[in-house]
Amino acid sequence: MRANDEAAAALQEYAELFALSGGDAFRVRSYQKAAKAIAGFPDDIAAVDVRGVPGVGEAIAKKMEEFLQRGSFRQLDDLRARVPEGVRRLTRVPSLGPKTAIMLYEEFGIDSTSALGEAIASGRLDGVKGLGPKTLANLLKGIEQLEQSSRRVHIGIATALAEQVMASLRAERIGHAGSLRRMKDTIGDIDILAVAPPSIMADFRAQPYVAEVIAAGDKKTSVRTTSGVQVDLRVVPAGSWGAAMQYFTGSKEHNVAVRELAVKKGWKLSEYGLFDGDRVIAAESEEDIYDALGMQYVPPPLRQGGDEVRAALRGELPDLVELSDLKGDLHTHTDLTDGIATLEDMVAAAHARGYAYYAVTDHAPDLTMQRMTLDKALEQRERLARLQERYPGMRLLHGTELNIAPDGSVDWPEEVLRGFDVCVASVHSHFTMSRDEMTRRFIAACENPYVDVIGHPTTRKIGKRAGVDADWDAVFRAAARTGTALEIDSYPDRSDLPSDLVRLARHHGVKFAIDSDSHAIPHLEHQRFGIGIAQRAWLTADDVINTWPLHRLLTFLGR
DNA sequence: GCCGTTTTCGGCCCGACTGTTTTCAGTCG
């Protein structure tokens, strides 16, 4: 993890603890704002003065400097000691905020979600002021949701941790396998393979990110990291690298299918190689193994144990969309609404990525907290037009992220919508409508001729909120019929659409936009996670509108 | 805590929703 992300996480934790200990709400907001700005700051704060980050003054700068020196700061240590861990977990329950968490702890001694569950079940909280029967029932439901989701982390967290682990170890060869390599949107634990001397295990156990050693052997060491995620490190022989990668990448179902192929030929496939008796047929590279079995190389995101093995035997695997196919980004924000970087900085960062086009899509007025007005949007359009002169090779598109109201309507009338190059439309509230109402809502949005892309369609937040309920077949048919693209929102805690729904939508003839939904410059890189979702859904470049050349994209947008 | 063409104090995104209450507190985006 970058120093910025670690420092921001510590500050964010401090903000939470500060709120839980009854601290001033404006100060809480200051800490949160600064944490967001530090995480999104393009330069390494270990290398530059952190006071240069907007929202960071003298007090926060001191805390961050202490953090960079010793991995914590005094005020954070104090609050960690004062606020029980269980109380912090209470606030992760949806609809349970700091006020209620403090009250439950101080009045009833409840310091964990399980204690809360028992207290509700036993009737101990019946008749408590502010906690009616509906609230208690909602809390129980929230606890259940939390317990189901808390064992896995989203791919953004897992990727950062895996990269940190690999960078911290010296090896002749090192790489990650498992569900992370298959680009699943959530990851249970991280598998790292290495070709290295035995001493790597001791080095691994001594790393500062290790909280607990679960198992320590010559071939495998398992630890729980300070972030709570388990990491397994396996040392493999150099000659078996490909076989080990193939074996530990999985999925289990994929490996069963591939091993059956080997058995049919009278061979044996293990993590040490593909063998005919004692003779090694292939072991050093995955490509050799798949080749020897008479099939195409199967890219990890496709190894799900579905029909990829059959397709690979027939030579019918798709030519998957790659990160390098993307020619632009169609959903990004600036500090005009809830982004933290200026229009000029976001555009410059997009240009540095070599895009052929780039859309700025700040929020529209119906999300009142964003304070957007038509005047502000038009002024931004002027600024963008002036910026365009500086970037002749990159077409700047002025867009907006509209809000889909419960009836499926959006923020502005047609004459205003007509003026945008691209309109993304997304659901941001009213998540609990009935399936029928929600389906009608999405279909109405698709039928709006100015809506080009449905943003983060299920609105799920991994570990926090389940997706909305809708008849997706009906929604996808409407999207295909109206020429409305569905977004693959690459922001890792969204990962939305999820790959199974992408595959279903593709079946209906839908096109997709792989967007970063960036609120800061580093977020532009998140598109790699969206590519993973697209690959798991077998998408080719032709399925993704932001791989298309500009003129084809503009034709699709109908502008 | 931060911030400043209304600068060193007094503001700080604010409206909707839910479940509770009998006029509102807490939570969320």
Side-chain angles (χ1 to χ4, degrees), chain A residues 8 10-38 50-65 73-76 79 90-104 107 120 125-142 145-146 333-340 362-373 376 401-407 411 426-433 455-456 459-461 464-466 468 489 491 493-494 517 519:
Chain A
L11 194 54
Q12 174 62 32
E13 182 189 349
Y14 184 61
E16 270 171 44
L17 293 172
F18 194 80
L20 279 173
S21 57
D24 173 58
F26 289 115
R27 282 175 63 182
V28 173
R29 201 177 296 164
S30 288
Y31 298 135
Q32 286 172 333
K33 216 174 133 190
K36 207 173 140 187
I38 289 169
V50 68
R51 288 166 186 78
V53 180
V56 175
E58 196 48 39
I60 291 179
K62 282 229 169 68
K63 293 179 176 66
M64 292 296 94
E65 279 161 2
F73 50 91
R74 183 178 52 80
Q75 298 89 337
L76 178 60
L79 283 187
L90 284 182
T91 61
R92 309 250 332 245
V93 177
S95 81
L96 203 170
K99 300 274 195 236
T100 314
I102 295 170
M103 187 276 289
L104 289 170
E107 309 277 320
I120 295 173
L125 298 179
D126 291 351
V128 173
K129 193 165 179 264
L131 300 179
K134 280 193 175 175
T135 303
L136 293 177
N138 276 341
L139 289 176
L140 272 185
K141 214 172 91 186
Q145 232 177 54
L146 189 67
H333 296 272
T334 74
D335 63 0
L336 184 60
T337 55
D338 57 352
I340 64 164
D362 273 315
H363 290 285
D366 286 0
L367 279 187
T368 47
M369 59 179 287
Q370 305 290 355
R371 323 287 300 154
M372 183 54 112
T373 63
K376 286 190 192 174
E401 182 184 9
L402 301 163
N403 181 58
I404 304 177
D407 66 358
D411 310 57
S426 320
V427 165
H428 298 101
S429 63
H430 298 83
F431 303 124
T432 56
M433 291 167 66
H456 47 72
T459 76
R460 70 168 178 171
K461 286 276 188 80
K464 291 189 189 126
R465 183 173 72 215
V468 298
D489 190 309
Y491 211 95
D493 69 349
R494 286 198 184 268
D517 196 357
H519 287 69

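In what follows, chains carry the letters A, B, and so on, assigned in the order in which the sequence lines appear, proteins first and then strands, with residues in each chain numbered from 1. Side chains are part of it too, since the values below use all heavy atoms of this structure and drop only hydrogens, waters and symmetry mates.
Using a 4.0 Å heavy-atom cutoff across all strands shown, A/Lys63 reaches sugar-phosphate atoms only and no base atom. Counting non-hydrogen atoms under 4.0 angstrom, A/Ser429 reaches nothing in the nucleic acid. A/Leu367 comes within 4.0 angstrom of no nucleic acid atom, judged by non-hydrogen atoms across all strands. Nucleic acid contact class of A/Gln370 (heavy atoms, under 4.0 Å, all strands): none.
A close approach under 4.0 Å does occur between a side-chain nitrogen or oxygen of A/Asn138 and OP1 or OP2 of B/dG19. Contact annotation: A/Arg27 side-chain N/O to B/dC12 OP1/OP2 distance is not under 4.0 Å. Considering only side-chain N and O atoms, A/Arg465 lies under 4.0 angstrom from the phosphate OP1 or OP2 of B/dG29. Taking only side-chain nitrogens and oxygens, A/Thr135 comes nearer than 4.0 Å to OP1 or OP2 of B/dT20.
Of the candidates B/dT27, B/dC14, B/dG1, B/dC14 carries the atom nearest the A/Arg371 side chain, counting heavy atoms from C-beta on. Among B/dT20, B/dG29, B/dT27, the nucleotide with an atom closest to any side-chain atom of A/Pro133 is B/dT20. Side-chain atoms of A/Ile60 lie closest to B/dG1 of the nucleotides B/dC17, B/dG1, B/dG15. Residue A/Lys134 places its side chain closer to B/dT20 than to any other of B/dG15, B/dT20, B/dC12. Side-chain proximity of A/His428 to the nucleotides B/dG26, B/dG29, B/dC12 is greatest for B/dG29.
Of the C1' atoms belonging to B/dC13 and B/dG29, the separation is 11 Å, rounded to the nearest Å. Nucleotides B/dT20 and B/dG26 have their P atoms positioned 14 Å apart, rounded to a whole Å.
A/Asp362 and A/Thr334 share a side-chain donor-acceptor pair at under 3.5 Å. Defined by atom type and a distance below 3.5 Å, a donor-acceptor pair is present between the side-chain atoms of A/His519 and A/Asp338.
For B/dG1, the paired nucleotide is B/dC12, the pair qualifying as Watson-Crick or G-U wobble because both relevant distances are below 3.5 Å.
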